[in-house]
Amino acid sequence: MLTIKLPDGKNLFFDKKVTGFEVSEKISKSLSKQALVMSINGELKDLSETIENDCSIKIFTNKDKEGLETIRHDTAHILAMAVQELFPGTQVTIGPVIEYGFYYDFSRKEPFTNEDLAQIENRMKEIVDRNEITKKEVWERSKAISHFKKKGEIYKAEIIESIPKEEQVSIYFHGKWNDLCRGPHLPSTGKVGKFFKLTKVSGAYWRGDSNNEMLQRIYGTGWSTQKDLDNYLKRIEEAEKRDHRKLGKEMDLFHFREESPGSVFWHEKGWNLFQKLIDYMRTKQKKAGYKEINTPEILDRTLWEKSGHWEKFGEHMYTSTTPDEKVFAIKPMNCPGCVQVFNQGLKSYRDLPLRMSEFGKVHRYEPSGALHGLLRVRAFTQDDAHIFCTEDQITNECLSVTNLILGIYKDLGFTNVLLQFSDRPEKRVGDDKIWDKAESALLKAIKQSKLKYEINKGEGAFYGPKIDFVLRDSIGRDWQCGTLQVDLNLPGRLGALFVDKDGSKKVPVMLHRALFGSLERFIGILIENYAGKLPFWLTPLQAMIIPVSDEFDDYAKQVYKKINEIGINCEIDLKNHNLNYKIREHSMSKVPLLLICGKKEVDSNTITIRRLDFKKQETMELNTFLKKFSALNKAPSF
RNA sequence: GCCCCUGUAGCUCAGCUGGUAGAGCAAUUGAUUUGUAAUCAAUAGGUCCGCGGUUCGAAUCCGUGCGGGGGCACCA
């Protein structure tokens, strides 16, 4: 007698061993048709698995996460199958499920082309139609190794050799084709459906190690229904429309050029946005008790040797040799310079906590393949600060940094923020007592903020634990921006000291902290988050005055003068184009306010406002307009 | 850095299998004086990314360098 417990609490009884299929049939005919995989006591298994003991079982369909993931896993197998049918001699390696689909890594001399991809996709659909039956076999390890070696599948043989001894080696057959796999899989290839699409080919290192051979990876996306697939593809398209590189060009904010890869040429409007953000943060930081400083961009190599950067980050540093043969480094970080400012003049415990901020431009030689618009550059401006304090002041300082960061994110429209706490790594400096103190101080600050947080065990910097601030944008993407790090190392290395109450000299604790991280990167994120339609107070060109014809140019100029006086950035379009043309042009370049001046407006001392994305216009007295919009022209918290 | 793709006017792109380049928009000039998403016309605009090679002849084929894109690795 076999008792099988179902998720609803009911029990099914069988008088002999049964398979998952049989259980699903007993539950209902419709379920058995939709069943894809099952779990036995929480462990995912093939439906064909024989159930020998009492257990609880859950059957999954394509509506479940487990079902969808198995579909994706099977699609990866079908991809490998199609590739080996079309391109004999190609070796298969691994093919896991990923967030929106799957990939499979292949070893083959000739590159896969886009045409190949289309061909492979068609073959995959044929394999679905063939409805090949899935069969699992457990093999003797040595048999499996020699089987794959004989087939010329060296990578597979290597994988089997690395499977822990106590685990069984299972081989999955889909018809004649077979692959080493942990499973589980769908009963047959027909169950996969055709809601997948191969998306791209790329290179990927074997076992993720850049010393190894580069394999060819084919990516695909896979779903349970056509609708889900269409939605996903639409979402990708939407994200492409928001690409800050595209919008940056269209909105005339910045450009890149060959002479300086990874460095931004800011245009007037982009720089205006940049300055607005800095102005905003200056005000915020001043209120929070920071003193702004500025340190040299180029510093002698001996300082970098002392700080440890020369040894640890030398590969990423730009250097410069002067005519007198001295070697200088262009700063990749602001901290050593800031510590030198602290070191100048004797500091007392009364000076602590000393919060020094710096909008420092740093240069890092990033690998060419890492560069990506504003999001990964070689020269960027950090909204950096270093707080020198005593151990007892750590919690309070961390809490006020957290509050400052969250307030700023909120002003900029980001309310969904996740904290990531990283504690001591294996390789570290400083004794455990200080680490205990630093970690608990940070954790306390996190708990008081009442935000969601994750713990990344052992991911802290070698010099101290840290919190990273991850914000989620309007289309659900996560960006790591702010960071708060406790440093138990650098102040000592660079000889920072303060005179304590008892007259003794002590090494201060240093907190590193950045709000956006990189201004450049943050601007990229802002553009994508708002799809180019920034909040009014941040918009570089806020209003365009459009005279209906040149008869009204003089009135438009008067309006321009008044609006400019109150600090709203506007321009007049005096070009010889008609109204329709101008409205179209400036709407497309995302100017939030179009101010129309014609006979009606001149006669009544008004302007007609057409707001971006609002078809309806509104006529308003000029003074009313000035009052209303100067109020809107500042950060929400000001 | 690695693999694949890619580089033509300010922008977006066309240019088949080799015969020294074209469109739309933008720009300039002129006409039009316009009331809520493209008025008409004319003009000008190119070291076809750089360098080398094959060829009678290269934007086109080959090599190489640089840049860009998608991933991988990297992201202190």
### Query
Rounded to whole angstroms, how far apart are CG on L579(A) and P on U36(B)?
7 Å
### Message
For a quick check of understanding: with a heavy-atom distance under 4.0 Å over all strands, which category does S210(A) fall into, base, sugar-phosphate or nothing?
### Response
sugar-phosphate
### Query
For D550(A), which contact category applies under a 4.0 Å heavy-atom criterion: base, sugar-phosphate, or nothing?
base
### Summary
pair_partner(G10(B)), Watson-Crick or wobble, both distances < 3.5 Å, evaluates to C25(B)
#### Entry: Distance, rounded to the nearest Å, where Y205(A) contributes OH and G1(B) contributes P
11 Å
### Task
Run the salt-bridge test on R493(A) and E305(A) with the 4.0 Å N-O cut-off and return the result as yes or no.
no
### Query
Which one, A27(B), C3(B), G35(B), comes nearest to the side chain of M214(A)?
C3(B)
### R245(A) vs G70(B): side-chain N/O to OP1/OP2 distance below 4.0 Å
yes
### Message
Under 4.0 Å, counting only non-hydrogen atoms across every strand here, what does M588(A) touch: a base, just sugar-phosphate, or nothing?
### Response
base
### Message
I'd like to check the side-chain hydrogen bond (donor to acceptor under 3.5 Å, both in side chains) partners of E454(A); sequence neighbours left out, ordered by chain and number.
### Response
Q420(A)
### Message
So P111(A), base contact, sugar-phosphate only, or nothing? Heavy-atom distance under 4.0 Å.
### Response
sugar-phosphate
### Message
Checking base pairs now: Watson-Crick or wobble, both atom distances under 3.5 Å. What partners A44(B)?
### Response
none
#### Entry: Partner nucleotide, any strand, of A58(B) [Watson-Crick/G-U, under 3.5 Å]
none
Could you go over nucleotides 61-67 of chain B and give all protein N or O partners under 3.5 Å, atom names and distances?
none

### Task
Go through the N and O atoms of the side chain of E601(A) and the base of G35(B), and report whether any donor-acceptor pair is under 3.5 Å.
yes
### Query
Can you list, by residue number, the residues of residues 229-239 of chain A that have a non-hydrogen atom closer than 4.0 angstrom to RNA chain B?
none
Extract from the structure each pairing of a protein N or O with an N or O of nucleotides 11-13 of chain B at less than 3.5 Å, listing the distance.
from	atom 1	to	atom 2	distance (Å)
U12(B)	OP1	K249(A)	NZ	2.9

### Message
Any base atoms under 4.0 Å from H372(A), or only sugar-phosphate, or nothing? Heavy atoms, all strands.
### Response
sugar-phosphate
### Task
Only counting residues at least two apart or in another chain, list the ones meeting side-chain hydrogen bond (donor to acceptor under 3.5 Å, both in side chains) with R428(A).
D432(A)
### Query
What is the pairing partner of G63(B), taking Watson-Crick or G-U wobble pairs with both distances under 3.5 Å in any strand?
C51(B)
### Task
For C49(B) versus A9(B), give the span between their C1' atoms, rounded off to a whole number of Å.
14 Å
### Message
Side-chain N or O of K200(A) versus OP1/OP2 of G70(B): is the shortest distance under 4.0 Å?
### Response
no
### Cation-pi, F614(A) ring and R610(A) (6.0 angstrom, 45 degrees)
no
### S549(A) vs V201(A), nearer the 5' end of RNA chain B by closest nucleotide
S549(A)
### Pair F102(A) and Y104(A), ring centroids less than 6.0 Å apart
no
### Task
Quick one: label F313(A) by what it contacts on the DNA or RNA (base, sugar-phosphate, nothing), any heavy atom closer than 4.0 Å.
base
### Summary
To the nearest angstrom, the NZ-C1' distance between K109(A) and C4(B) comes to 17 Å
### Task
Report the nucleotide, chosen from C74(B), A38(B), U34(B), that has the shortest atom-to-atom distance to any side-chain atom of N580(A).
A38(B)
### Query
For W223(A), what residues pass the side-chain hydrogen bond (donor to acceptor under 3.5 Å, both in side chains) criterion, not counting sequence neighbours?
T221(A)
### Query
Residues from residues 82-103 of chain A sitting under 4.0 Å of RNA chain B, heavy atoms only?
none
#### Entry: Complementary nucleotide of C2(B), counting Watson-Crick and G-U pairs under 3.5 Å
G71(B)
### Query
What is the nucleic acid contact for K312(A), judged by heavy atoms within less than 4.0 Å: base, sugar-phosphate only, or nothing?
nothing
### Message
At under 4.0 Å between heavy atoms, how does the protein contact nucleotides 41-47 of chain B? Give one character per nucleotide, 5' to 3', with B, S or -.
### Response
-------
### Task
Determine the contact category for E311(A): base if any of its heavy atoms lies under 4.0 Å from a base atom, sugar-phosphate if only primed atoms, P, OP1 or OP2 are that close, otherwise nothing.
nothing
### Query
What is the distance, rounded to the nearest whole Å, between atom CG of L595(A) and atom P of U36(B)?
17 Å
### Message
If I pick the P atom on G15(B) and the same atom on U33(B), what distance separates them, to the nearest angstrom?
### Response
42 Å
### Message
Please report the distance separating the C1' of U6(B) from the corresponding atom of C13(B), rounded so that it comes out in whole Å.
### Response
14 Å
### Query
Using a heavy-atom distance cut-off of less than 4.0 Å, which residues of residues 476-488 of chain A contact RNA chain B?
none
### Message
Counting only heavy atoms and a strict 4.0 angstrom limit, can you tell me which residues of residues 602-610 of chain A come near RNA chain B?
### Response
T608(A), R610(A)
### Task
Report yes if at least one side-chain N or O of R584(A) is closer than 4.0 Å to OP1 or OP2 of U36(B); otherwise report no.
no
### Query
Of the residues in residues 508-525 of chain A, which ones touch RNA chain B at a heavy-atom distance under 4.0 Å?
none
### Query
What does Y219(A) touch in the nucleic acid at a heavy-atom separation under 4.0 angstrom: a base, only the sugar-phosphate, or nothing?
sugar-phosphate
### Query
Can you name the ring-ring contact (aromatic ring centres under 6.0 Å, His included) partners of Y581(A), sequence neighbours left out?
H577(A)
### Message
For the C1' atoms, the ones on G65(B) and on U28(B), what distance do you get once it is rounded to whole angstrom?
### Response
38 Å
### Message
Taking only the C1' atom of each, what is the distance from U12(B) to G52(B) in whole angstrom?
### Response
32 Å
